[in-house]
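To start, the structure itself, in structure tokens.
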Amino acid sequence: MELKFNVAARIAKPVEEVYEAVVNPDQLSAYFTTGGAKGRIEKGATVMWDFHDFPGQFPVKVIDAVPNKKIVLEWEATQADGTPIDDPSAVYDTRMTMTFESLEDGRTLISVMEGGWTSDEAGLKASYGNCEGWTQMMCSLKAWLEHGINLREGFYK
């Protein structure tokens, strides 16, 4: 069984503004990466993300970035609790593809698909955690861009 998920949201802002809010580390740090983001998301870059609810800063590899269209990222899979996989020979990456579509009414449809986990209980639990995280990200992005509200502020320790 291939473990992957898709989540999507509509944001009442133009695609250029939504895309910029994801690739710009200052904006991403304002609503999503509770510990901050370093580096602009651009093809070939490795950026750093940090979350107060996740153990430590980690590298995110930018596989592709097509302005206002698509972002493809990879990072090391973790155990369900967010800690690194214990066995170095068992370490692997997951891949996330985020697409942006300009809608006729001026809104943007943002979609996230992530996959690549091992087909076992640990992979299943980790995939659920990431699905939750990307859903929170899109809710937070919507609240930030449409209303200037940071939903994650104070949400975690």
Side-chain angles (χ1 to χ4, degrees), residues 1-11 15 18-19 21-25 27-66 68-101 107-145 150-157:
M1 171 175 68
E2 182 182 3
L3 296 178
K4 64 180 181 179
F5 63 82
N6 292 285
V7 291
R10 285 159 184 79
I11 300 182
V15 70
V18 176
Y19 184 86
V22 175
V23 299
N24 182 316
Q27 288 196 54
L28 197 64
S29 297
Y31 69 87
F32 181 52
T33 55
T34 53
K38 294 179 182 152
R40 185 174 177 85
I41 294 175
E42 296 175 328
K43 185 176 182 174
T46 297
V47 299
M48 299 300 287
W49 287 358
D50 193 0
F51 296 88
H52 293 308
D53 54 310
F54 191 84
Q57 183 176 358
F58 65 96
V60 176
K61 296 174 270 188
V62 184
I63 305 305
D64 200 7
V66 180
N68 308 320
K69 297 288 184 197
K70 176 175 73 172
I71 296 169
V72 180
L73 305 174
E74 288 185 353
W75 50 77
E76 271 189 22
T78 62
Q79 298 182 89
D81 65 358
T83 59
I85 294 172
D86 295 330
D87 179 0
S89 68
V91 173
Y92 63 96
D93 288 347
T94 62
R95 178 175 280 207
M96 183 281 296
T97 300
M98 182 180 291
T99 59
F100 302 80
E101 180 183 343
R107 295 182 303 160
T108 298
L109 174 63
I110 182 172
S111 301
V112 171
M113 191 285 293
E114 188 173 359
W117 290 275
T118 56
S119 294
D120 56 18
E121 186 174 337
L124 183 63
K125 286 181 180 179
S127 72
Y128 282 178
N130 280 31
C131 184
E132 175 186 357
W134 287 116
T135 301
Q136 286 180 348
M137 182 274 192
M138 287 190 287
C139 291
S140 297
L141 174 62
K142 182 174 181 68
W144 177 253
L145 286 179
N150 181 346
L151 292 180
R152 292 175 62 94
E153 186 176 342
F155 197 87
Y156 298 99
K157 296 179 187 177

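Quantities reported herein were computed from a predicted structural model and do not represent experimental measurements. The basis for the numbers below is simple: all heavy atoms, side chains too, and nothing from hydrogens, waters or symmetry mates.
Side-chain contact between R95 and V72 is present, with heavy atoms from C-beta onward closer than 4.5 Å. Looking only at side-chain heavy atoms (C-beta outward), M96 and V60 stay at 4.5 Å or farther from each other. Contact annotation: the side chain of R152 never approaches that of Y31 to less than 4.5 Å [non-hydrogen atoms, C-beta and beyond]. Counting heavy atoms from C-beta outward, F32 and L141 have side chains that stay 4.5 Å or more apart. For the pair L151 and W144, the minimum side-chain heavy-atom distance is 4.5 Å or more. A heavy-atom distance below 4.5 Å is not found between the side chains of S127 and K4. Here the side chains of Y19 and I110 are not in contact, with every heavy-atom distance at 4.5 Å or above. Residues M98 and M137 meet the side-chain proximity criterion, which asks for heavy atoms closer than 4.5 Å.
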Margin query: What verdict does the side chain to side chain contact (heavy atoms under 4.5 Å, CB included) test give for V18 and L145, after you've listed the backbone C-alpha separation in whole Å, the side-chain angles of each residue and the deciding distance to 0.1 Å?
Written below: CA-CA 8 Å; V18 176; L145 286 179; 3.9 Å; yes
> Passes side chain to side chain contact (heavy atoms under 4.5 Å, CB included), L109 versus F100? Steps please.
Replying inline: CA-CA 6 Å; L109 174 63; F100 302 80; over 6 Å; no
key: Verdict with supporting geometry, E114 and W134, side chain to side chain contact (heavy atoms under 4.5 Å, CB included)   = CA-CA 9 Å; E114 188 173 359; W134 287 116; 2.9 Å; yes
Margin query: Pair L73, I63 - check side chain to side chain contact (heavy atoms under 4.5 Å, CB included), show working.
Written below: CA-CA 6 Å; L73 305 174; I63 305 305; over 6 Å; no
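To the nearest 0.5 Å, atom OG1 of residue T97 and atom NZ of residue K70 are 7.0 Å apart. Note: K38 NZ to T33 OG1 = 10.5 Å, rounded to the nearest 0.5 Å. Here OG of S119 is found 4.5 Å from CG of L3. Values are rounded to the nearest 0.5 Å.
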Side chains of residues 42-49: which donor-acceptor pairs under 3.5 Å do they make with residues two or more places apart or in other chains?
none

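Scanning for salt bridge (charged side-chain N to carboxylate O under 4.0 Å, His left out) contacts around K61 gives D93, with sequence neighbours left out.
Across every non-hydrogen atom of S29 and A37, the tightest pair is OG-N, 2.7 Å. When all heavy atoms are compared, the tightest approach of N68 to V15 is O-CG2, 3.4 Å. The heavy-atom pair separating K142 from R10 by the smallest distance is NZ-O, 3.0 Å. The two residues H52 and T34 come nearest to each other via the heavy atoms N-OG1, 2.6 Å.
The backbone N or O of I71 lies less than 3.5 Å from no partner atom in the side chain of D64, so there is not a single donor-acceptor pair.
Aromatic ring centres of F5 and Y128 lie farther apart than the 6.0 Å criterion allows.
A side chain to side chain contact (heavy atoms under 4.5 Å, CB included) with M138 holds for exactly one of I11, V22, V7; it is V7.
Between T94 and W75, the side chains place a donor N or O and an acceptor N or O closer than 3.5 Å (distance only, hydrogens not considered).
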